[in-house]
Amino acid sequence: MSEGKGYRGPKGTYDVYPGGREPHERPELWAFVESVARERFRRYNYQEMRLPVFEEAQLFIRSVGEASDIVRKEMFLFQDKAGRELALRPEGTAGAVRAYVEHNLFKQAQPLKLWYYGPMFRHERQQKGRYRQHTQLGVEVLGSSDPLVDVEVISLLYDLHQAIGVREEVVYLNNLGDMETRRAYVPELRAFLEENRSELDPDSVARLDANPLRTFDSKDPNTQSLLDEAPTIGEFLSEEASAHLGTVREGLETLGVPYEIDERLVRGLDYYTMTVFEAKSAALGAQDTVGAGGRYNGLISTLGGPDLGGIGFGTGVERILLAAASRDAAASTRAFFVTLTPEARMLAFGLAAALRAEGVSCDLDYADRSAKGQFKQADRVGADFAVILGEDELQDGVCKLRDMKSGEERTVSVSDGGKDLLRAVAN
RNA sequence: GUGAUCGUAGCUCAGUUGGCAGAGCAUCGGGUUGUGGUCCCGAAGGUCGCGGGUUCGAGCCCCGUCGGUCACCCCA
C-alpha cells in the first residue's frame with residue numbers, strides 16, 4: 001500500500017468517517033462535542049475567534065520558548081515561495097495573543113473572553129491519545145489578572161469535560177509564581193540539583209541549565225525520589241502569588257471543582273506564570289492529560305502589546321472522546337422511499353424534494369436494490385416510515401405509507417405534490 | 001528521536017513440519033413474481049502492507065522498507 005498504488009493518510013493522522021472504530025473516528029461524537037462546547041462557551045459568555053493554522057515560525061519560538069521541546073523538535077516547519085519561515089501551529093495561545101495585539105483588541109472592554117477550535121500539529125511519534133494532527137478546543141481570557149478569572153477558566157474546562165462525560169477526572173493545580181518568586185526559587189532548586197547531579201537521569205541533567213523546573217517532569221524513579229527532598233516552590237511564593245493561589249483555591253472549592261495541589265506540576269511551554277493546571281483522566285493511557293493551561297502574564301507584552309495578563313486552556317478533543325464513556329447514536333431518517341417500478345423513481349425524487357424543503361429528512365435508493373433490499377435499507381437508516389410507490393400506487397396517484405415500527409400501512413394521496421404526505425409524515 | 005510488538009477479505013481474526021488462501025460479521029441476491037429488523041440458501045469480495053532473498057515451491061523462513069499499536073521522551 002505504501003508504494004505505487006493506494007494512498008494512506010500521513011503518519012500520525014486519522015480520519016473521521018461513518019463506522020469509524022475509535023471514538024475520535026466517529027463523526028457523531030465530534031458533532032456531540034462541538035455542540036456541547038458551543039453551548040458551554042455561550043453560557044460563560046466567550047466569543048469565537050478563528051485563526052490561521054500556520055504562522056511565522058518566530059511567533060512560536062518567542063512565545064512557546066526556544067528551549068521547549070515543542071519548538072526544538074516538534075514543529076512542522078516550511079518556507080513559502082518568498083522564503084518566509086512558517087510553522088503549522090503547535091498550539092493555540094500564540095496565535096490568539098498575536099491577533100489580540102495585531103488588532104488592538106486590548107482597546108475593547110477588558111477582559112476579552114475568547115474561544116477557538118481547530119487542528120494543532122506536532123511532529124511526534126504517535127501513541128494512544130497522541131497524533132501529529134490533533135484538535136484542540138481552547139479559551140483565552142486576555143486583559144485581566146484577576147484570580148477569579150483563573151477560577152472561571154478552570155471550572156469551564158472541568159464543566160466542559162463533565163458535560164461530555166470524561167471519566168475519573170482530577171484537576172492538578174500549581175502556582176509557578178511571578179518573576180520575584182522564580183528569582184528566589186530557581187537558584188535554590190538548581191543548587192539542590194547540582195549537589196545531587198550524580199543521581200539524576202541524563203534528561204534531567206540536560207535540563208538543569210536551561211530550565212531546572214522541568215526536572216519535575218521526569219518519570220525516572222530515582223530522580224523522582226530525589227525530588228521528594230527538593231525545595232518546593234510553595235515555600236518561595238511571593239505574598240502576591242500566595243494570595244493569588246489562595247483565591248483560586250477558594251474559588252474552586254466554592255464551585256465544587258475537585259482539584260489537587262501538585263507542587264511538581266510544571267509545564268513544557270515557557271510562557272506560563274502563576275497559575276498552571278492540568279486536567280487528567282485515569283481512563284486514558286500514558287498520555288493522560290485531557291486538558292491543560294495556565295496564566296501567562298508576560299506574553300502579551302512580549303508579543304508587542306501592553307503589559308496585561310492572560311490565561312487560557314487547551315483541551316484535546318481526541319483525548320476527551322477517549323476518556324469519555326462511549327455512546328451510540330442511532331441513525332435517524334424520517335422517511336425512506338421504496339420504489340417498486342422504475343417509473344416511480346422520478347415521482348419519489350420529487351416527493352423527497354418536497355419533504356426536504358419542509359425540513360423532513362428523507363432518502364431513497366440509489367443502488368438499484370430489490371424491494372426487499374430497499375426495505376432493509378430503510379431499516380438500516382432508521383427510517384420511521386417507508387413510502388412505497390409501485391405500479392398500483394402510480395395508477396391511483398397514491399403511496400402506501402408504512403410505519404416501520406408497527407408495520408401498519410395506510411394509503412396517502414400524492415397527487416397534490418406531496419402536501420398530504422407531508423402532513424402524514426410530519427409530527 | 002529511542003524501544004517493543006503487529007500488518008491475511010470492508011471489519012474481527014484463523015491459517016498445522018514451507019505444499020490449491022479460510023471463518024464469523026458486514027455487503028448483494030434468492031427463499032416471499034411488491035415488504036425490513038429473526039431464519040435458511042447462495043454470490044461477490046484478497047498482488048496475504050510493499051520490495052528483495054532462500055527454496056522445486058513462501059501468508060509462513062531471512063533482509064530491507066512503509067504503516068499501525070503501545071511505551072519512553074514530551075504533551076492536548
Side-chain angles (χ1 to χ4, degrees), chain A residues 1-14 17-22 24 64 68-74 90-93 118-138 157 161 166 201-204 206-207 214 217-220 266-269 278-281 284-293 312-323 336 338-341 344 367-383 385-394 400 402-409:
Chain A
M1 291 288 264
S2 60
E3 301 244 344
K5 58 169 239 184
Y7 290 99
R8 284 192 284 215
K11 191 177 176 69
T13 64
Y14 62 90
Y17 55 95
R21 277 292 183 277
E22 300 297 323
H24 60 269
V64 176
S68 69
D69 284 42
I70 290 177
V71 164
R72 270 185 23 243
K73 44 187 212 192
E74 294 172 6
E91 57 99 48
T93 300
M120 306 296 165
F121 305 85
R122 293 182 198 171
H123 196 277
E124 302 178 281
R125 190 80 164 263
Q126 69 273 38
Q127 78 180 275
K128 189 180 180 71
R130 192 171 76 180
Y131 298 91
R132 290 187 171 184
Q133 174 175 337
H134 74 278
T135 307
Q136 284 188 27
L137 282 159
L157 177 65
H161 287 163
V166 170
D201 62 284
D203 284 322
S204 296
R207 282 196 286 241
R214 297 275 307 289
D217 278 338
S218 174
K219 282 179 187 167
D220 182 80
V266 296
R267 309 273 307 133
L269 293 81
E278 274 188 30
K280 296 191 177 198
S281 166
L284 291 175
Q287 307 300 315
D288 58 355
T289 300
V290 57
F313 71 66
T315 181
V317 176
E318 296 82 0
R319 289 189 188 174
I320 290 176
L321 291 174
L322 239 34
F336 191 90
V338 173
T339 54
L340 303 170
T341 167
D368 196 26
R369 285 188 179 84
S370 67
K372 178 176 175 171
Q374 290 185 60
F375 279 102
K376 206 170 171 184
Q377 180 66 6
D379 186 51
R380 248 190 311 244
V381 301
F385 295 101
V387 182
I388 304 157
L389 293 162
E391 277 178 59
D392 300 346
E393 288 81 6
L394 273 189
K400 278 227 181 77
R402 177 184 179 88
D403 183 314
M404 291 296 282
K405 274 242 166 55
S406 66
E408 283 170 33
E409 285 182 16

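So that the names make sense, note that chain A is the first sequence line, chain B the second, and so on, each numbered from 1.
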Q: In this structure, how many angstroms lie between the P atom of B:C72 and the NZ atom of A:Lys73, rounded?
A: 14 Å
Q: What are the two closest heavy atoms between A:Ala279 and A:Leu157, and how far apart are they?
A: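 Closest approach of A:Ala279 to A:Leu157: CB-CD2, 4.0 Å.
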Q: Of the nucleotides B:U35, B:G29, B:A71, which has the atom closest to the A:Glu409 side chain?
A: B:U35
Q: May I ask which nucleotide in the shown strands pairs with B:U65, Watson-Crick or G-U wobble, both distances under 3.5 Å?
A: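 B:U65 is paired with B:G49.
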Q: Write down the partner of B:C70 under the Watson-Crick or G-U wobble criteria, each distance required to be under 3.5 Å.
A: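 With both distances under 3.5 Å, B:C70 matches B:G3.
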Q: At 4.0 Å (heavy atoms only), tell me whether A:Gly12 reaches a base, stays on the sugar-phosphate, or touches nothing.
A: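 Sugar-phosphate: the residue A:Gly12, judged by heavy atoms under 4.0 Å, touches backbone atoms but no base.
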Q: Return the pairing partner of B:G59 with a 3.5 Å limit on both distances, Watson-Crick or G-U wobble; otherwise return none.
A: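 B:G59 is paired with nothing.
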Q: NA contact type, A:Arg122, heavy-atom cut-off 4.0 Å: base, sugar-phosphate, or nothing?
A: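 Touches a base.
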Q: Mind checking A:Gly407 for me? I need base, sugar-phosphate or nothing, with any heavy atom below 4.0 Å counting as a touch.
A: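 It contacts base atoms.
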Q: Would you mind telling me which of B:G34, B:C28, B:G1 lies closest to the side-chain atoms of A:Arg130?
A: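 Nearest to the side chain of A:Arg130 among the choices is B:G1.
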Q: Treating A:Glu91 as the side-chain partner and A:Thr93 as the backbone partner, does any N or O pair qualify as donor plus acceptor under 3.5 Å?
A: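 Yes.
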Q: Do any N or O atoms from the side chain of A:Gln126 and from the backbone of A:Arg132 form a donor-acceptor pair under 3.5 angstrom?
A: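 Checking the backbone N and O of A:Arg132 against the side chain of A:Gln126, no donor-acceptor pair under 3.5 Å is found.
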Q: In whole angstrom, give me the gap between the P atoms of B:C50 and B:A21.
A: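 Nearest-Å result for B:C50 against B:A21 at atom P: 16 Å.
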Q: Mind calculating the distance between CD (A:Glu124) and P (B:C70) to the nearest angstrom?
A: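 Value for this atom pair: 14 Å.
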Q: Check this for me: does the side-chain of A:Arg380 come within 3.5 Å of the base of B:G36 through a donor and an acceptor?
A: no
Q: May I ask you to verify if any side-chain N or O of A:Gln126 is less than 4.0 angstrom from the OP1 or OP2 atom of B:U69?
A: yes
Q: From the options B:G68, B:C11, B:A76, select the nucleotide whose nearest atom is closest to the side chain of A:Arg21.
A: B:C11
Q: Of the options B:C72, B:G29, B:G68, whose atoms approach the side-chain atoms of A:Ser370 most closely?
A: B:G29
Q: So A:Ala378, base contact, sugar-phosphate only, or nothing? Heavy-atom distance under 4.0 Å.
A: nothing
Q: Please find the pair of heavy atoms, one from A:Leu322 and one from A:Glu22, that lie closest to each other, and give the distance.
A: CD1-OE1, 4.4 Å
Q: In whole angstrom, give me the gap between the P atoms of B:C13 and B:A9.
A: 11 Å
Q: Can you check whether A:Gly291's main-chain N or O pairs, donor with acceptor, with A:Arg319's side chain at less than 3.5 Å?
A: no
Q: Calculate the interatomic distance between A:Ile388 atom CD1 and B:G36 atom C1'; express it in whole Å.
A: 10 Å
Q: Would you indicate what A:Gly138 reaches in the nucleic acid, counting non-hydrogen atoms under 4.0 angstrom: base, sugar-phosphate, or nothing?
A: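 The residue A:Gly138 makes no contact with any strand.
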Q: Which nucleotide wins on minimum distance to the side chain of A:Lys376, given the candidates B:U2, B:A76, B:U27?
A: B:U27
Q: Atom CZ of A:Phe375 and atom C1' of B:G31: how far apart are they, to the nearest Å?
A: 17 Å
Q: Establish whether the base of B:C50 is bridged to the side chain of A:Arg8 by a donor-acceptor pair shorter than 3.5 Å.
A: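 Not at all, since no donor on one side and acceptor on the other fall under 3.5 Å apart.
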Q: Please determine whether any donor N or O and acceptor N or O are separated by less than 3.5 Å between the side chain of A:Lys372 and the base of B:G30.
A: yes
Q: Got a salt bridge between A:Asp379 and A:Lys376, using NZ or NE/NH1/NH2 to carboxylate O under 4.0 Å?
A: no
Q: So, does A:Thr341 use its side chain to make a donor-acceptor pair with the main chain of A:Gly390 at under 3.5 Å?
A: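 Answer holds: no.
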Q: Within the structure, does a side-chain N or O atom of A:Gln136 lie under 4.0 Å from either OP1 or OP2 of B:A76?
A: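 Result: no.
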Q: Give the nucleotide from the list B:C66, B:G1, B:C75 with an atom nearest to the side chain of A:Thr289.
A: B:C75
Q: Rounded off to whole Å, could you give me the OH-to-P distance for the A:Tyr17 and B:A26 pair?
A: 18 Å
Q: From the set B:U69, B:C66, B:C75, return the single nucleotide nearest to any side-chain atom of A:Tyr131.
A: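 Out of B:U69, B:C66, B:C75, the nucleotide with an atom closest to A:Tyr131's side chain is B:U69.
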Q: Does B:U35 have a Watson-Crick or wobble partner in any strand here, with both distances under 3.5 angstrom, and which is it?
A: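 For B:U35, the partner nucleotide comes out as none, under the 3.5 Å rule.
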Q: Above 12 or not: heavy atoms from other molecules or residues under 6.0 Å from CD of A:Glu409?
A: yes
Q: Please report, rounded to the nearest Å, how far the C1' atom of B:G1 is from the CZ atom of A:Arg72.
A: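 Taking atom C1' of B:G1 as the reference, CZ of A:Arg72 is at 11 Å.
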Q: Rounded to the nearest angstrom, tell me the gap between atom CG in A:Asp288 and atom C1' in B:C75.
A: 10 Å
Q: Is a donor-acceptor pair below 3.5 Å formed from side chain A:Glu393 to base B:G34, judging by atom type as modelled?
A: yes
Q: When the C1' atoms of B:A76 and B:C60 are considered, how many whole Å apart are they?
A: 42 Å
Q: If I take atom CG in residue A:Leu137 and atom P in nucleotide B:C75, what distance separates them, rounded to the nearest angstrom?
A: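 Distance, rounded to whole Å: 21 Å.
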Q: Can a side chain N or O of A:Lys11 be found less than 4.0 Å away from OP1 or OP2 on B:G68?
A: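 For B:G68, OP1 or OP2 has a side-chain N or O of A:Lys11 closer than 4.0 Å.
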Q: Looking only at side-chain atoms of A:Arg369, point me to the closest of B:G29, B:G34, B:G31.
A: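 The listed nucleotide nearest to A:Arg369's side chain is B:G29.
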Q: Go ahead and name the base partner of B:C25; Watson-Crick or wobble counts if both distances stay under 3.5 Å, otherwise write none.
A: B:G10
